[in-house]
Protein chains: 2
Amino acid sequence: MSVSDQPMRVLRPEKTLRELALEKMRDAIVNMHFRAGDRLVERDLCDQLGVSRTIVREVLRHLESEGLVAILPNRGPIVAETTPEEARQIYEIRGALEGIAAKACAAQKDPRVVAELERILGRIRAAYAANELPAVLTATTDFYRTLFENSGRHVAWGIVNSITARINYLRSMTIKTPDRDKQGPAQMQRIIDAIKAGDGAAAYEAANVHVKNAAAIAEALLAEQQDATAR
Amino acid sequence: MSVSDQPMRVLRPEKTLRELALEKMRDAIVNMHFRAGDRLVERDLCDQLGVSRTIVREVLRHLESEGLVAILPNRGPIVAETTPEEARQIYEIRGALEGIAAKACAAQKDPRVVAELERILGRIRAAYAANELPAVLTATTDFYRTLFENSGRHVAWGIVNSITARINYLRSMTIKTPDRDKQGPAQMQRIIDAIKAGDGAAAYEAANVHVKNAAAIAEALLAEQQDATAR
DNA sequence: GGTGATAATATGGTATCCCATAATACGCAG
DNA sequence: CTGCGTATTATGGGATACCATATTATCACC
């Protein structure tokens, strides 16, 4: 080929308006600009997003099927609330799927993937050190994306990504728990070590432990929170 | 209470037109009335479904997020095709999640659930005996739904349900494989037995084996099919 | 028989309609 | 001032008509 390995590809980044609106809305929900139970009035969203009602409705349907929005019959869309029980289930599913991805990475034992994971873990540690919590979240997401995509688990990654959005507020709570800045990275390091050693079972286990820990912290937070509101 | 156990519930079955259209479209895709890669022209679907473009678009977006429809930029929606590799991933995910559900059922060891599962397995055997393959599929779905919902794994069930739609054609192929009428039910019986015995590990394993077997059959079918077209 | 202009399709998106209903405000009688 | 029925409003569910743009098919011309 004449220029490069993937040449002549006239890329078409033109995202459609609908996709942009979707991302904006998802961000807004995930980052709690709307609160659970808030009504999402279609015509208001049209104004806020600057798009037509058609688009808004399509976006709302999409978010509904992602579980971020619930639609009440004859009342319309609201921001879905994720119950503690659902959060538990989501952590369980993540544990299983991330375990599978980690195990598959260990089976491949690709040094480039290991290097990439270590680089990202470095970013996570740095973000903790600088107390930049949002950066911790995005880097952690990158860590798992690397795990999934480099083991060819695209479908599972899609699922994990989508259910994780529903517990984003819990994630941002758990990472600011005392000691999490040490324990979290340490657990991720164990995943990397197991992959480096090609030990699938250990990688599965390490990924599982990491999620289980996060789940336990989240559960404690929720219990505490409930306790506070009950009083 | 005055009338029955779940009384006074003013049920509101009024499904919205959009939901009806969604189900019709999903059925049409899952049952191969449209073929993979077929274009789904919005205005044509309006005619065929007898609804407005508003509805059709919302339905298409919804199906897109379920992975049944893909949307090409400036060309519009087509029926998504599930590659063999994606099918492999889907079977893997199902194995993990159904294993979890089976294990949880074993932990509960609820005799009513066991009875329900045995009743459904009876339906599956009967459907096989009568050579009613579609009934086999729906009963099998019921079997797993029972497993998931009685162990409180609603989120996982939603995921399994949605990804399973994408491999429906494989499911309908695998169940008409020779001997599957004996082996399938036998494997499901082992799941039930493990639950009855309260043996979580065995239940996990049995559920996993069942899915793995289906995956292996599917893979063989796909290889055969590819072989035929290549020649 | 290619090449380029043209016409036909179809999407992405908008702007307005209409109707049904749930929630609220309102107003009246006791 | 309390309870009840009614009017109003807000909003969702749905349908149309329309525009701009991009793709595809057609076709005439050299």
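Below, read A as the first sequence line, B as the second, and so on, with proteins coming before strands; counting in each chain starts at 1.
The CG-C1' distance, from A:Leu45 to D:dG12, rounds to 13 Å in whole Å. Note: CD1 (A:Ile78) to C1' (C:dA22) measures 15 Å, nearest angstrom. Between B:Leu17 atom CG and C:dT21 atom P there is a gap of 14 Å when expressed in whole angstrom units. Rounding to whole angstrom units, CG of residue A:Leu49 and P of C:dG13 are separated by 13 Å. Rounded to whole Å, the distance from CZ on B:Arg57 to P on D:dG13 is 17 Å. One atom, CD of A:Glu19, and another, C1' of C:dG12, lie 11 Å apart when rounded to the nearest Å. For B:Glu42 and D:dA15, the CD to P distance is 14 Å, given to the nearest whole Å. Separating the CG atom of B:Leu72 from the P atom of D:dT24 is a distance of 10 Å, rounded to the nearest angstrom.
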Give the intermediate values and the outcome of side chain to side chain contact (heavy atoms under 4.5 Å, CB included) for residues A:Arg75 and A:Arg39. CA-CA 9 Å; A:Arg75 294 228 47 211; A:Arg39 292 191 64 180; 2.6 Å; yes

### Query
Between A:Val69 and A:Leu40, does a side chain to side chain contact (heavy atoms under 4.5 Å, CB included) hold up when you go through it step by step?
CA-CA 9 Å; A:Val69 161; A:Leu40 298 169; 3.7 Å; yes

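Residue A:Glu66 forms a salt bridge (charged side-chain N to carboxylate O under 4.0 Å, His left out) with just one option from A:Arg26, A:Arg166, A:Arg61, and that option is A:Arg26. Tested against B:Asp142 for a side-chain contact (heavy atoms from CB on, under 4.5 Å), the candidates B:Leu147, B:Ile120, B:Leu121 yield a single pass: B:Ile120.
Heavy-atom distances to DNA chain D give each of B:Ile55 and A:Pro77 a nearest nucleotide, and the one nearer the 5′ end belongs to A:Pro77. Positionally, the nearest nucleotide of DNA chain C for B:Arg39 lies more toward the 5' end than for the other of A:Arg75 and B:Arg39.
Within the 4.0 Å cut-off from OP1 or OP2 of D:dG14, at least one side-chain nitrogen or oxygen of B:Thr16 is found. Contact annotation: B:Arg61 does not reach the phosphate of C:dG13 (side-chain N/O to OP1 or OP2, under 4.0 Å). Taking only side-chain nitrogens and oxygens, A:Asn74 comes nearer than 4.0 Å to OP1 or OP2 of C:dA22.
Within 4.0 Å of A:Leu40, counting heavy atoms only, lie sugar-phosphate atoms of the nucleic acid but no base atom. Contact annotation for A:Arg43: base contact, defined as any heavy-atom pair under 4.0 Å involving a base atom. Base contact: B:Arg53 has a heavy atom under 4.0 Å from a base atom.
For B:Thr54 against D:dA15, a side-chain N or O and a base N or O form a donor-acceptor pair under 3.5 Å.
The side chain of B:Val51 has D:dA15 as its nearest neighbour among D:dA15, C:dT14, D:dG12.
At most 12 non-hydrogen atoms from other residues, nucleotides or ligands lie less than 6.0 angstrom from CD of B:Glu219.
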